[in-house]
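Read the structure below first, then the notes.
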Amino acid sequence: MIRMFWLLAACLLIAESVSANVTLPEFFGNGMVLQRSQPIYVWGWADKGEKVTVQFKEQKQSVKTGNDGKWMVKLKPEAAGGPFVLTVNGKNNVTFDNVMMGDVWICSGQSNMEFHVRDVTKAAEEVQAANYPQIREFTVKRAAAKEPLEHVAAASWYPATPENVGNFSAVSYFFGRELHKELQVPIGLIHTAWGGTQVEAWISRKGFLSSETFRQMMSEPLGIDSITGPNGYPACLFNAMIHPLLPFGIKGAIWYQGEANAGRAYQYRQSFPLMITDWRNQWKQGDFPFYFVQLASFDANNGKVEGNSRNGSTWAELREAQAMTLSLPNTGMAVITDIGERNDIHPRNKQDVGKRLAFNVLKNVYAKPVVPSGPVFKSMDIQGDKAWLSFTDPGTGLMVKDRYGYLKGFEVAGADGQFHYAKASVINGKVVVSSDQVATPVTVRYNWADDAADGNLFNKEGLPAAPFRTDTWKGVTEGKGYQLPAKK
């Protein structure tokens with residue numbers, strides 16, 4: 001009996017010791033990057049009513065945990081710099097070394113965001129040249145959940161050095177590298193992506209309930225007992241891979257996704273802006289910068305049926321939905337139709353993807369004197385059998401990227417709706433389009449295809465024009481909406 005008493009006492013002592021430990025979210029760790037120039041939120045868990053003290057640089061704050069054992073402090077903004085030490089003291093002490101103040105970016109989406117540096121064009125050279133210890137990445141491990149989680153799997157922050165960078169997200173690394181070179185501040189990259197995922201998996205239940213399109217879907221129990229794969233439950237990736245990050249301070253987000261939604265491209269006009277707005281509402285940091293990659297060129301039907309104006313193109317319609325999302329404030333888009341690979345949905349040139357995202361951000365977020373993007377269609381004027389197209393261009397003028405000066409990628413249609421490949425040329429800063437088969441043009445399309453590699457309209461800075469159409473005729477994805485997974 002005495003032996004049992006002491007055994008029970010020992011168990012209680014161990015339990016008390018374990019429960020007393022102050023803990024923080026898994027992305028608080030050695031080598032982390034905290035967001036400069038805005039309030040610094042530090043939070044975690046401890047015993048109910050426990051006093052927790054956080055000290056960082058000259059700041060020191062204490063707080064008592066609530067009945068649920070949670071605690072949070074809000075430190076004043078700090079300038080870029082480091083390394084610093086962050087300490088958290090309760091019944092135990094936690095110390096984080098080599099902490100930097102800089103800019104933190106969420107890097108999310110599907111497989112083209114997951115795509116590693118070790119797999120890019122000239123990967124060996126890129127890995128060897130990586131000497132950027134102030135660029136650091138934390139990778140959120142894949143997870144899905146029916147309800148919002150507070151934790152992600154344990155992981156570490158890694159600096160961009162030859163030993164580590166091969167495992168970095170390539171788009172996030174090349175984006176971060178451009179920012180770091182220009183800004184000379186530490187860059188933190190929180191990589192949270194999962195290949196093949198639909199945008200609906202990344203929207204919270206609260207976000208769905210704010211939308212007339214999706215509200216009914218989420219207003220009743222879904223009747224799904226288990227999650228099968230990352231698309232097995234609406235909001236499941238938000239719950240597991242975004243919600244635990246809140247309210248960690250960030251500068252903004254970059255996003256590369258859309259392939260998995262191409263079959264429902266028309267609805268993406270609603271779902272993608274909904275996701276961006278949802279994240280902003282959840283983070284409570286205002287309309288933070290959100291920059292994304294438009295889909296590359298790709299033969300989505302494996303040569304069986306060409307996706308174009310005549311047959312319909314789901315990828316062109318998805319690109320259009322992405323471009324329409326630019327109506328949201330503080331957003332930008334990197335156009336990459338010229339650097340895709342017809343037979344590979346994962347083009348290996350991620351260097352230019354990262355650069356083009358960075359050009360957008362450097363100009364529009366940091367006010368740097370760079371050209372952020374290529375020409376964008378502005379207006380059309382029909383004169384006889386010709387269509388005169390005007391463009392807004394942040395560069396120094398239009399350029400035809402062809403050794404013979406031929407402008408390609410344009411189509412024209414009359415009132416009959418039949419598209420014909422068009423002759424096009426640049427005249428006095430405008431593009432003039434015509435076809436011998438169309439006496440009176442009604443609409444013009446440019447690069448309207450799954451594989452949109454034909455287009456060769458650029459600005460003189462070498463950035464491609466965005467695909468567009470001047471009509472609003474019904475596409476092949478209109479009327480196709482998101483369906484809940486089958487009940488299990």
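- N343 and F298 make their closest contact through C-CE1, 3.9 Å (heavy atoms, listed as atom of the first residue, atom of the second, distance).
- Between Q55 and N89, the side chains place no donor N or O within less than 3.5 Å of an acceptor N or O (distance only, hydrogens not considered).
- No side-chain donor from either of T65 and E50 sits under 3.5 Å from a side-chain acceptor of the other.
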Begin with the C-alpha distance, continue with both residues' side-chain angles, and end with the deciding distance and a verdict on side chain to side chain donor-acceptor pair (under 3.5 Å) for S169 and E137.
CA-CA 9 Å; S169 156; E137 183 176 83; 4.7 Å; no

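- Ring orientation note: the planes of F391 and F377 are nearly perpendicular, at an angle over 60° on the 30°/60° scale.
- Put simply, CG on L318 and CD on Q257 are 7.5 Å apart, with the number rounded to the nearest 0.5 Å.
- In the displayed structure, E58 atom CD is contacted under 6.0 Å by at most 12 heavy atoms of other residues, nucleotides or ligands.
- A donor-acceptor pair under 3.5 Å is absent between the side-chain atoms of N21 and the main chain of N92, judged by distance alone.
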Report the C-alpha distance between W202 and W194 in whole Å, list the side-chain angles of each, state the deciding distance to 0.1 Å, and finish with yes or no for ring pair (Phe, Tyr, Trp, His ring centres under 6.0 Å).
CA-CA 10 Å; W202 297 97; W194 191 332; 8.3 Å; no

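- Taking CZ of R356 as the reference point, atom CG of D338 lies at 4.0 Å (rounded to 0.5 Å).
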Under the salt bridge (Lys or Arg N to Asp or Glu O under 4.0 Å) criterion, do K91 and D47 qualify, and how do the steps go?
CA-CA 9 Å; K91 295 179 181 177; D47 278 352; 3.2 Å; yes

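- Here the CG atom belonging to L189 is positioned 4.5 Å from the SG atom belonging to C107, to the nearest 0.5 angstrom.
- Aromatic ring centroids of F28 and W43 lie under 6.0 Å apart.
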Please test Y256 against F292 for ring pair (Phe, Tyr, Trp, His ring centres under 6.0 Å), starting from the C-alpha separation and ending with a verdict.
CA-CA 6 Å; Y256 192 163; F292 51 92; over 10 Å; no

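- How far CG of D352 is from CG of L463: 9.0 Å, rounded to the nearest 0.5 Å.
- Looking at I187 and Q134, their side chains never come closer than 4.5 Å, going by heavy atoms from C-beta outward.
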Working note: E78 + R36, criterion salt bridge (Lys or Arg N to Asp or Glu O under 4.0 Å); need CA distance, chi angles, decisive distance, verdict.
CA-CA 5 Å; E78 296 279 2; R36 62 171 170 155; over 6 Å; no

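- Ring-plane geometry between W157 and F138 is classed as tilted, the angle between the planes lying from 30 to 60 degrees on a 0 to 90 degree scale.
- In terms of heavy atoms, A465 sits closest to V335 at O-CG1, 3.9 Å.
- S297 contributes no side-chain N or O that, together with a main-chain N or O of G340, makes up a donor-acceptor pair within less than 3.5 Å.
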Applying salt bridge (Lys or Arg N to Asp or Glu O under 4.0 Å), run through E147 and R205 and close with a yes or a no.
CA-CA 9 Å; E147 300 295 335; R205 182 175 184 272; over 6 Å; no

Quick one, T477 with E317, criterion side chain to side chain donor-acceptor pair (under 3.5 Å). Give me CA distance, side-chain angles, the key distance, then yes/no.
CA-CA 8 Å; T477 66; E317 292 181 23; 2.5 Å; yes

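- Among all heavy-atom pairs drawn from K378 and T392, the shortest one is CD-CG2, 3.8 Å.
- Residues N349 and V120 fail the side-chain proximity criterion, which asks for heavy atoms closer than 4.5 Å.
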Begin with the C-alpha distance, continue with both residues' side-chain angles, and end with the deciding distance and a verdict on side chain to side chain contact (heavy atoms under 4.5 Å, CB included) for Q198 and R264.
CA-CA 10 Å; Q198 302 167 4; R264 294 181 279 105; 3.3 Å; yes

Would Y366 and L183 count as a side chain to side chain contact (heavy atoms under 4.5 Å, CB included) if you check the C-alpha gap in whole Å, the side-chain angles of each, and the deciding distance to 0.1 Å?
CA-CA 9 Å; Y366 297 101; L183 304 173; 3.5 Å; yes

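- Pairs engaging residues 77-121 under the ring-ring contact (aromatic ring centres under 6.0 Å, His included) rule: F56-F84, W105-F175 [sequence neighbours left out].
- For the atom pair CD (Q285) and CG (L246), the distance works out to 9.0 Å, reported to the nearest 0.5 Å.
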Go through the steps for V117 and N167 under the test side chain to side chain contact (heavy atoms under 4.5 Å, CB included), then give the verdict.
CA-CA 6 Å; V117 172; N167 293 322; over 6 Å; no

Compile the donor-acceptor pairs under 3.5 Å between side chains in residues 68-75 and protein atoms, sequence neighbours left out, one pair per line.
| from | atom 1 | to | atom 2 | distance (Å) |
| --- | --- | --- | --- | --- |
| D68 | OD1 | K70 | N | 3.1 |
| K70 | NZ | E150 | OE2 | 2.9 |
| W71 | NE1 | W45 | O | 3.4 |

Using ring pair (Phe, Tyr, Trp, His ring centres under 6.0 Å), reason through W448 and F468 one step at a time and then give a plain yes or no.
CA-CA 7 Å; W448 194 263; F468 68 91; 9.1 Å; no

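- In this model, no donor atom of one side chain and acceptor atom of the other lie less than 3.5 Å apart for Y446 and D454.
- No more than 12 heavy atoms of other residues, nucleotides or ligands lie within 6.0 Å of OH in Y41, so this atom counts as exposed by the packing criterion.
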Residues N447, R469; criterion side chain to side chain donor-acceptor pair (under 3.5 Å); working and verdict
CA-CA 9 Å; N447 257 4; R469 61 172 175 162; over 6 Å; no

Between N459 and D393, does the side chain to side chain donor-acceptor pair (under 3.5 Å) criterion hold? Intermediate values first, please.
CA-CA 7 Å; N459 59 18; D393 177 28; 3.1 Å; yes

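- Shortest non-hydrogen contact noted between A300 and D450 is CB-OD2, 3.6 Å.
- For N131, the CG atom counts as loosely surrounded, since its 6.0 Å shell holds 12 or fewer non-hydrogen atoms of other residues, nucleotides or ligands.
- Side chains of Q282 and S204: a donor on one and an acceptor on the other come within 3.5 Å.
- Within a 6.0 Å sphere centred on OH of Y158, other residues, nucleotides and ligands contribute 12 heavy atoms or fewer.
- The neighbour count for Q59 CD, taken as heavy atoms of other residues, nucleotides or ligands under 6.0 Å away, is above 12.
- Residues P372 and N364 approach most closely at CB-ND2, 4.3 Å, considering heavy atoms.
- Counting only N and O atoms by type, the side chains of R136 and N164 include no donor and acceptor under 3.5 Å apart.
- A donor-acceptor contact closer than 3.5 angstrom is absent between the side chains of K206 and N281.
- Closest of all the heavy-atom pairs between M113 and S172 is SD-N, 4.3 Å.
- Using modelled atom types and a 3.5 Å distance limit, the side chains of Q216 and E220 yield a donor-acceptor pair.
- The closest side-chain heavy-atom distance from K363 to V371 is not below 4.5 Å.
- To the nearest 0.5 Å, atom CD1 of residue I254 and atom CZ of residue F290 are 9.5 Å apart.
- For the residue pair Q351/E126, the side-chain donor-acceptor check at 3.5 Å is satisfied.
- A 6.0 Å sphere centred on NZ of K64 holds no more than 12 heavy atoms belonging to other residues, nucleotides or ligands.
- Side-chain N or O atoms of Q267 include one that pairs as donor or acceptor with a backbone N or O of Y482 at under 3.5 Å.
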